[in-house]
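Accompanying notes for the structure given below.
Starting from 1, each residue takes its place in the sequence as its number. Because the structure is predicted, anything quoted here is derived from the model rather than measured.
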Amino acid sequence: MAPTRLELNLMRLLSRCEALAAERRDPEEWRLEKYVAALEDMLRELKKQASKPAPELLNEYSRKVDFLKGLLEAEKLPSSTEKALANQFLAPGRTPTTAKERTPATKTVHLQTKARCTGQMRSELLGTIVLVVFSCLGWLCLKSVPGWVGSHLFISKSWARALCQAWGLSFITDPL
């Protein structure tokens with residue numbers, strides 16, 4: 001049986017949502033949320049139709065829409081650890097949405113999101129630690145940067161003050 005107009009629109013919008021989810025988005029981006037809400041409405045209408053698709057196909061559409069919805073909810077969580085945990089429980093689609101795809105786009109998005117969350121957790125754990133201390137030679141700036149054992153350089157008092165302001169640290173004029 002040929003797909004109805006509603007099913008074609010659902011497949012097109014689902015494909016577009018998967019593409020949007022794969023891109024790095026601005027936190028203020030609103031389109032994906034609205035599109036996923038429209039997908040939910042379309043899916044509800046498709047299930048009500050007399051000439052609805054096969055139950056397996058409906059289940060796959062539901063699975064993909066639920067995945068996108070869960071992905072959006074996980075992105076709203078405050079910490080990267082919570083995001084990674086929520087991402088583990090998401091179930092991507094099993095079949096490609098379009099004939100052009102070799103692997104399901106939701107599976108690709110799932111792997112990208114997992115890698116992004118892992119990267120965020122790594123940067124939180126091994127993030128830049130900066131310590132500015134006074135020495136007899138001047139102000140010493142000690143930096144711990146991921147991938148580096150450590151580095152240091154001597155800077156003036158005014159530079160130390162500027163660095164502390166930039167990094168949100170408190171600057172003590174007389175450390176002794």
Of all residues at least two apart in sequence or in a different chain, which pass the side chain to side chain donor-acceptor pair (under 3.5 Å) check with [X]?
| X | value |
| --- | --- |
| K114 | none |
| E23 | none |
| S62 | K47 |
| R63 | none |

Report task. Answer yes when D66 and K69 have at least one side-chain N-carboxylate O distance shorter than 4.0 Å, and no when they do not. Result ->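 No, D66 and K69 are not salt-bridged.
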Less than 4.5 Å apart, any side-chain heavy atom of [X] and any of [Y]?
| X | Y | answer |
| --- | --- | --- |
| E18 | K64 | yes |
| E7 | L57 | yes |
| R31 | R16 | yes |
| E75 | L72 | yes |

Query raised in the report: Taking only residues two or more places apart in sequence, or in another chain, which ones meet Q49 in a side-chain contact (heavy atoms from CB on, under 4.5 Å)?
Result: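 side-chain contact (heavy atoms from CB on, under 4.5 Å) list for Q49, sorted by chain: T4, L6, L46, S51.
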Query raised in the report: So which of V36, L32, V109 actually passes side chain to side chain contact (heavy atoms under 4.5 Å, CB included) with L71?
Result: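 Exactly one candidate clears the test, V109.
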**Report entry** Selection residues 22-81 - residue pairs positive for ring pair (Phe, Tyr, Trp, His ring centres under 6.0 Å), sequence neighbours left out
**Finding:**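 Pairs touching residues 22-81 that pass the test: F67-H110.
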